[in-house]
Undergrad: 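Have a look at this one.
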Amino acid sequence: MAVYRGTFFVLWIDSDPQSRALAEVVLKRFPSRVQFAAVADEAMEILATDQSAGLLPDIIFLSWRPELSHFVAALKAEFRLRSIPLVVFVGRPEADGFVNEIYDLDANAVVCSVNGSGDKEEALMATCRFWFQTAAVLHR
Amino acid sequence: MEGASPTRMELRTAVVIGASAGGLGPLQTMVEGIEPSQSAAYFAVLHTTPNRRSNLASILGRAGRVKVLEARDGMPMEGAVMYVAAPDHHMYIEDGRVRSVRGPRENRHRPSVNVLFRSAAQLFGERAIGVVLSGSLEDGTGGLWEIERRGGTTIVQDPAEAMFPYMPRAALQNIIINYVLPAAKIPSVVNALVAETEVKRTSEQEAAMDEFTNLTCPECRGPLRRLQLGRFQELECRVGHRYSPESALMAYDETQERALWAAVVALEEGADLAARLADTHPEQAEQLRLRAERRRSQAGIIREIVQKWNVPDSTSSV
């Protein structure tokens, strides 16, 4: 079995099975291993388990829902978790300042969703390419 | 710990599951497929950090039809119920009850998979079913060995599928595993085993051999015994801290770092004191300043050693 330190550990928080399936397709093109959580308590449980094994994710992707603001606040309040880059996907921002509010929660990036499934895949690819290759989160 | 109890008469089977990093998903998959049986009690240990409230019971409760409870010490063991270990507590079974206690860590974990598995093997013998899912290091191997030794059934998640394959792989390399399966296929095997009324009686294999070593426990400094569990070895101290070889190495790494930092503190404090005394004792000032300088230089060397210390992470040998 390969040595994993060239592999990105990803936590993906999304309640929509179709979006998770798309994420899985995209992440297969990168040297990554992903854990999915549908809701905040699952994500916290995954982080607690990974932390106990000293294997925290290199990056967290989160599909925004207002109830996740508590999760983000808890994540950013914990010393060992706050440095994990957090990328938040949002639908089209309707209210002024919506994106800023998420940045105020200390998200590292906010990505607005696109509509078509082909476009969605392309947007996800671009996001992953940036974080895995340009920002190189593995070496943070 | 051994011997029949009224609860045990009704409960024929214990299904014990252990998981660590990458293990929540497969655990949810397993719970989804389990058909709860009144003749079986189910137990799950997922490694976790201490000092937190866990939502594991409610997460798993949503995943399937089995009733899931977080273990509380002394609660009766019931059929068709899954018990999950509370953070910072070992969970094991004894005389028809579930125990949840802060015993000595095993493989640096509390809860530990091995503690649960050994108790299930002792109480249920050939009717114990042990399942090891994704995780790093080797917790679970010693426990599965005890289950195998007493004629129970051993199952691991296919390492090719596991996010962190080391735990199932360590078990595969060291003991006889009856089933190697993707997580989604484990429940149907477990359900079938639980439904079996007859089990193949196998003679019990030899108990663990042990001998004292010249090593001391990295946690409490008690002398360590080496336990030979078939092809696998564990180290155990008088208190009960227990280590697989890999987790012992990691524990020693942590101890070494603490010891080196303590040396830095001692040397730097000595240097500060010598420098201060040099100001008030002019007749020895030169000698004291030289001593302070030497201590600072020695502390610097040790600091550099610690900072360049290359501790392999727990996935490196995967």
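Side chains included, hydrogens not; waters and symmetry mates left out as well; all remaining heavy atoms used. So you know, we letter chains A, B, ... as the sequences are listed, proteins then strands, and number each from 1.
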Undergrad: Measuring from A:Asp50:CG to B:Ser20:OG, what's the distance to the nearest 0.5 Å?
TA: 8.0 Å
Undergrad: Supply the atom-to-atom distance B:Leu46 CG to A:Ser52 OG, rounded to the nearest 0.5 angstrom.
TA: 7.5 Å
Undergrad: Heavy-atom count check: over 12 atoms from other residues, nucleotides or ligands less than 6.0 Å from B:Lys185 NZ?
TA: no
Undergrad: Given 3.5 Å as the limit, does a donor-acceptor pair link the side chain of A:Arg33 with the main chain of B:Ala162, or not?
TA: yes
Undergrad: When heavy-atom pairs shorter than 4.5 Å are enumerated against chain A, which of B:Arg52, B:His109, B:Arg108 gives the highest number?
TA: B:Arg52
Undergrad: Hey, is CZ on A:Arg82 packed in by over 12 heavy atoms from elsewhere, all under 6.0 Å?
TA: yes
Undergrad: If you count the non-hydrogen atoms of other residues, nucleotides and ligands that lie under 6.0 Å from CD in A:Gln18, is the total more than 12?
TA: no
Undergrad: Taking only heavy atoms into account, what residues of residues 38-49 of chain A are found under 4.5 Å from chain B?
TA: A:Val39, A:Asp41, A:Glu42, A:Met44, A:Glu45, A:Ile46, A:Ala48, A:Thr49
Undergrad: Mind ranking B:Pro50, B:Gly135, B:Ala19, B:Ala21 by heavy-atom pairs under 4.5 Å with chain A and telling me who comes out on top?
TA: B:Ala21
